[in-house]
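First listed ligand is number 1; within each ligand, the first listed atom is number 1.
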Amino acid sequence: MKREPNKEKLKASDVVSIAWRALTVSFRTKSKLSFTVNVLGFAMAFMPVWISTALRTFTDHVQFMSQGQETVSQGLIVFILLISLYIIQAGYTFVSDYCAEIDQQRTTKYIKKTIIDCASRVEYKYIENEGDFREKLAFAEMFGGSQVAASMQQTVVILQQLITFLSIIAVLSNVSAWVVVILLVTCIPAVVLSIIQKDEDYKNNTKNMREGAMSVHLFYMASGANEQCKSMNDVRFYGIYDWIKEKWRDVSSGYLKKKNGITRKHVLYNSIADVLRNAVYIGILLLVAKKIYDNPAMGLGIFMLVFTLSAQLQTATTKVFVGAARFFGDIQYMRDFFQLEDTPKEKLEEHPVVLERADILFDNVSFAYPNADVQALKHIDLTIKQGEKIAIVGENGSGKSTFINLLCGMHQPTSGHITVGGLDAADHLATVRSAISVVFQNFGKYETSIRDNITIGDRTRSATDEELIQLAKKTNAYSLIESQPRGLDEVVGTFSESGNNLSGGQWQKLAITRAIYRDKARIMVLDEPTAALDPVAEAQLYRDFTELTGDKTTILISHRLGITSIVDRILVFADGEIIEEGSHVELMALDGQYAKMYRAQAQWYNEEVDMQGKLVNT
Ligand code: ADP
Ligand code: MG
């Protein structure tokens, strides 16, 4: 997975609109409490100034009391005020820290939700990685998510810190404008460093994405800690743990080395900037001390004021500028995220029409996958009438699954048109999909109950257990339900309590049952539906095929040429084209590609091949 840093230059107007959008998201995801705390925060931003001023007054009172110029009660009032301010500040800090934590979680959740929404609704070509969509998605998940969440939350805080910053400057410049200037200037290195660091981090994160992802992949491969890595038996059989471990160590140490190099540099520079700031702070304190020494009438309070506010100003400056720098650094992550959010979505009609007749028409349809040089389908002209039984055969990579993907509206033709039931499929995605039931070649395996695995085929339909059982009997899935302790309610997959991972064939039986359950569909599409089935189950499926599919149009992709006799018409695909078309008898008579494939397969069975296309014993 490689990801080039996003090179589009950010214009000032982009920055403003991204910042505004971030602010909106930040407020939209806030709880009521957090919203209140944030509003209160604008008043609390003056707290450092209030506290320092109170401290100054108190110090002066103490000094004057000790010189007998004032009574204790006057000092006491200021003392109580001071303590109250401290208590309010402590309380506020506690609540706002808590809210910040919750806000961060809420925003992160919002971002994850957006990522899911995005992945489930974008035009399918993006899922096939148009415009590096998948890398962007992984990137948003890996780095973007937490960064963006933190940064969105930062927007309000930065504004509050700006108030603190300005109020401190106002008070301190009353004492000495020079103090303010010196303090601000010495903060510059830290601020600049922070901006540079953010940019370096972003570039490093994007550039080393591949190593990062590879190191995670290798780790999972060796540890088996991830569902996706199901090759544990293979890895163990070949005894290649050490080999993988070494690869993992190489990749991850290279990755960490680069990362650590940058971290080391950043820590060093930051320390130097800190030393500089502290030296200046001490210098300023000495300066004020000298002023008071020269002019004792000024009172000690002013020392206290400068003592607290100088430190506060340094903190506030760093917070404002570093915060802003971070925010603008994160603008790059946010831009990536918002671009992801704005990826064009599939247009699904709200009220799909129920089609009675779903005749299929491919009118000169060609298609190339995103980023592919060659066309996967070329000039397909085809009509399939409602109720026809079609088989598609052809070598691997000849375009069979692509044809199905286009029919199901996963992709749109590069040129030409597809209509279903007279409606342009591109403009009636939801209608077309609801008219189709499909078992994709890479069908879903849902880690949930057997019941869910079947009924998600049509979530508008409800069925009793008895109906489901009857259905499963028809699709040959009943034995698998019967053997489970909890029957239909048994959770299947790796989350199953009884540890019953289904076999590939059992999953496929569930997928077929799910497709048949979707009984309102007028078209049934089966892409190599028996690839994982045992011969008995396969023979049974084809025997019951007509009964199962009823008056639905059926498009069956299969390498078992023996079954082509049960269909009305066979389409032979080669290199994205339909090169032969007709019934089994017609195609055998043609003696072309189909006849060649058929004879090649028939040899294996050592059977007589009759011209009716029926293999004896099937
Ligand atoms: P079949 O189902 O007949 O085995 P496919 O329809 O899956 O073949 O593939 C047809 C051609 O399209 C092949 O050359 C394959 O490499 C290519 N192809 C399939 N899926 C993709 C994809 N997601 N991106 C790019 N090319 C693809
Ligand atoms: Mg295929």
Side-chain angles (χ1 to χ4, degrees), residues 1-2 119-120 122-138 228 343-344 346 360 362 364-382 384 390-416 418 425 436-445 504-505 507-508 511-512 515 523-533 538 541-542 554-561 563-564 567 569-581 587 592-594 596-598 600-601:
M1 208 179 302
K2 197 168 105 214
S120 60
V122 292
E123 291 174 14
Y124 198 77
K125 62 181 179 186
Y126 293 101
I127 301 296
E128 297 281 8
N129 217 17
E130 168 119 336
D132 293 335
F133 178 79
R134 280 211 302 266
E135 279 82 353
K136 279 188 196 159
L137 208 62
Q228 283 160 5
T343 313
E346 273 185 342
I360 301 165
F362 272 58
N364 197 17
V365 169
S366 297
F367 174 73
Y369 280 98
N371 313 327
D373 307 325
V374 291
Q375 289 187 319
L377 287 182
K378 299 168 199 157
H379 307 290
I380 304 288
D381 273 311
L382 181 70
I384 300 174
I390 304 282
I392 300 181
V393 300
E395 289 174 5
N396 293 332
S398 58
K400 305 182 298 294
S401 296
T402 306
F403 173 78
I404 298 306
N405 277 335
L406 259 74
L407 175 64
C408 294
M410 293 299 150
H411 293 286
Q412 297 307 322
T414 320
S415 64
I418 301 171
I436 300 176
S437 184
V438 58
V439 179
F440 284 113
Q441 191 164 16
N442 53 347
F443 54 84
K445 297 170 183 171
W507 278 115
Q508 195 155 31
I512 293 170
I523 302 168
M524 181 87 196
V525 176
L526 301 157
D527 192 351
E528 304 195 21
T530 60
L533 296 191
E538 183 178 20
L541 178 79
Y542 290 133
T554 310
I555 301 173
L556 171 67
I557 297 180
S558 177
H559 292 299
R560 304 278 191 270
L561 300 189
I563 57 92
T564 46
V567 301
R569 187 154 48 124
I570 301 158
L571 309 174
V572 184
F573 273 62
D575 278 337
E577 289 178 279
I578 300 176
I579 53 162
E580 289 171 22
E581 186 177 344
L587 292 183
Q593 186 66 23
Y594 176 81
K596 208 167 100 195
M597 286 195 289
Y598 188 82
Q601 222 176 62

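Note: His411 and Tyr124 have perpendicular aromatic rings, judged against thresholds of 30 and 60 degrees for the angle between ring planes.
With ligand atoms numbered from 1 in the order given, ligand 1 contributes 1 (P), 3 (O), 6 (O), 8 (O), 10 (C) to contacts under 4.0 Å with heavy atoms of Gly399. Heavy-atom contacts of Glu395 reach the following atoms of ligand 1: 3 (O) (cutoff under 4.0 Å).
The Mg ion (ligand 2) has an N, O or S atom of Ser401 inside 2.8 Å of it. Note on Thr402: not counted as a metal contact of the Mg ion (ligand 2), no N/O/S atom lying under 2.8 Å.
Residues Leu406 and Pro413 are in side-chain contact: their nearest non-hydrogen atoms beyond the backbone lie under 4.5 Å apart. Under the 4.5 Å side-chain criterion, counting only non-hydrogen atoms from C-beta, Asp381 is in contact with Asn364. Side chains of Tyr369 and Asn405 form a contact here, defined as non-hydrogen atoms less than 4.5 Å apart. For the pair Gln412/Glu123, no side-chain contact is recorded, criterion being any heavy-atom separation below 4.5 Å from C-beta on. Counting heavy atoms from C-beta outward, Glu581 and Leu382 have side chains that approach closer than 4.5 Å. Using a 4.5 Å cut-off on side-chain heavy atoms (C-beta onward), Phe362 and Ile384 make no contact.
Checked against a 3.5 angstrom limit, the closest N/O atoms of Pro370 and ligand 1 fall outside it. Considering both main-chain and side-chain atoms, Gly397 comes within under 3.5 Å of ligand 1 through a nitrogen or oxygen pair. For a threshold of 3.5 Å applied to N or O pairs, the pair formed by Asn396 and ligand 1 contains no separation below that value.
Checking His559 against Glu528 by side-chain atom types alone, a donor-acceptor pair falls below 3.5 Å.
Protein heavy atom at the shortest distance from atom 7 (O) of ligand 1 is Ser401 CB, 3.7 Å. Atom 9 (O) of ligand 1 has Thr402 OG1, 3.6 Å as its closest protein atom, hydrogens excluded (heavy atom only). The nearest heavy-atom contact from the protein to atom 23 (N) of ligand 1 is Glu128 OE1, 2.5 Å. With hydrogens left out, the protein atom closest to atom 26 (N) of ligand 1 is Tyr369 CD1, 3.3 Å, a heavy atom.
Just one residue in the list Ile555, Thr554, Leu556, Val438 forms a side-chain contact (heavy atoms from CB on, under 4.5 Å) with Met524, and that residue is Thr554.
By the 4.0 Å heavy-atom criterion, Gly394 is excluded from the residues contacting ligand 1.
Within a 4.0 Å radius of atom 16 (O) of ligand 1, the protein contributes no heavy atom.
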